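Order of the sequence lines fixes the chain letters, A, B, ..., with proteins taken first and strands second; residue numbering starts at 1 for each chain. As the structure is a computational prediction, the values presented were derived from the model and not from experiment.
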There are 2 protein chains.
Amino acid sequence: MPTKWLSKPQQQAWRAYIDSVRLLQDALDAQLQADAGMPHAYYEILVRLSEAPGRRLRMAELATGTQSSRSRVSHAVTRLEQRGWIRREPCESDRRGQNALLTDEGFAALAAAAPGHVATVRATVVDVLSAAQLRALADASCAIAAAVRASAEHDGRE
Amino acid sequence: MPTKWLSKPQQQAWRAYIDSVRLLQDALDAQLQADAGMPHAYYEILVRLSEAPGRRLRMAELATGTQSSRSRVSHAVTRLEQRGWIRREPCESDRRGQNALLTDEGFAALAAAAPGHVATVRATVVDVLSAAQLRALADASCAIAAAVRASAEHDGRE
DNA sequence: TCAATGTAGTTGAGTGTTCAAGTATTCCGT
DNA sequence: ACGGAATACTTGAACACTCAACTACATTGA
């Protein structure tokens, strides 16, 4: 099957999108690294844990919750454990499992980092889009996420 | 100033967006790594060079063109040079400068990688959104990119 | 002309991510 | 009950990126 290339407007849209994504991610990482000493991915891990009952989650849940690989989470938790922000504990019901548990220090670090992060998110995304634009962005994002998951499944099952 | 937290719909939109971004970037990297042996960032470097007159660009232009830091591009070009896909050459007009030049092998590698990449972009983004959605995504992206650049400038000048 | 300042690019150390391979445990079918 | 397959998680090596420091050249202004 011959490749169906992108039309001009499609290509422009794609580039605008992917460029903005790179800029935004770098900005988020830079802000959190400078002000809170952690990359954005780590911040998201702390957020998930802080919202979980008992501030603890199975490693796999943490991975799916943050759209990450198990390996990534495993390494990240190791790092966060070294800083005293997370503890590991064995899982009751499944002896293969581990829970990651947010410590009080971790919660404090998250609480300290949150205002600056939210300010950045507002300054770069939420406050520069109209409500309708933000909704449209969310809709498109859901469609994209679903498509990525679908195509990953496709690849997996052959 | 007390932090102005995100409203519920704002937070949902933000999470949908940032989750989809992570999924998509990982998918793009995985596809290109598997099929073409390079990460997405390297692919974009080759694309920029392929479109430039004489297939060559100053390092700094390459950096701004790919929304990257100079350091990132410098490391990447070193790596791509080792694979024979890029060559460096001194710049005529400014003896501090370097041009990155896409080799024929590099162009061939890009040509080989392009169909698979475009297919992924279609399957995950372009073909799953309506024309209107894609336009909306592009608009939002432009606003985001502008805001990121503006806030970076803000930080820089103090 | 010359010193000060700015710009272009590189480098190395430290950090984060991926990939493949590993261990340990649980699940499933017979 | 038991052997094979699946699941949960970790690990180490290779790779990519960041940050700060560095060299080299250019520009500015007195």
Spacing of Glu81(B) atom CD relative to dT10(C) atom P, expressed in whole Å: 9 Å
Cationic N near anionic O, under 4.0 Å, Arg15(A) to Glu51(B): yes
Nucleotide of dC25(D), dG9(C), dT10(D) approaching Arg96(B) most closely (side-chain heavy atoms): dC25(D)
In whole angstrom, give the distance that lies between atom CD of Gln98(A) and atom P of dT26(C). 13 Å
Between dG9(C) and Arg58(B), is there an OP1 or OP2 to side-chain N/O distance shorter than 4.0 Å? yes
Nearest heavy atoms of Leu23(B) and Ala145(A), plus distance in Å: CD1-CB, 3.9 Å
How about CD on Gln82(A), more than 12 heavy atoms from neighbouring residues, nucleotides or ligands closer than 6.0 Å, or not? yes
Examine dT26(C): is either OP1 or OP2 under 4.0 Å from a nitrogen or oxygen in the side chain of Arg95(A)? Give yes or no. yes
Arg58(B) CZ: over 12 foreign heavy atoms closer than 6.0 Å: yes
Closest to the 5' end of DNA chain C, once Thr78(B) and Arg70(B) are matched to their nearest nucleotides, is Arg70(B)
Closest approach of Ala143(A) and Leu129(B), non-hydrogen atoms and distance? CB-CD2, 3.8 Å
Using a strict 4.0 Å threshold on nitrogen-to-oxygen distance, state whether Glu44(A) and Arg22(B) make a salt bridge. yes
Nearest whole angstrom, please: distance from the P of dG9(C) to the CD1 of Ile45(B). 13 Å
In whole angstrom, give the distance that lies between atom CG of Asp94(B) and atom C1' of dT7(C). 8 Å
What is the distance, rounded to the nearest whole Å, between atom CE of Met59(A) and atom C1' of dT7(D)? 15 Å
Taking CG from Leu57(A) and P from dA8(D), how many angstroms apart are they, rounded to a whole number? 14 Å
d(CD, Gln25(A); P, dA16(D)) in whole Å: 18 Å
Given protein heavy atoms under 4.0 Å, the one-letter contact record of nucleotides 14-22 of chain C, with B base, S sugar-phosphate only and - none, is simply -SSSBB---
Does CZ in Arg95(B) sit with more than 12 non-hydrogen atoms of other residues, nucleotides or ligands closer than 6.0 Å? no
Whole Å only: how far is the CD1 atom of Ile86(B) from the C1' atom of dG9(C)? 15 Å
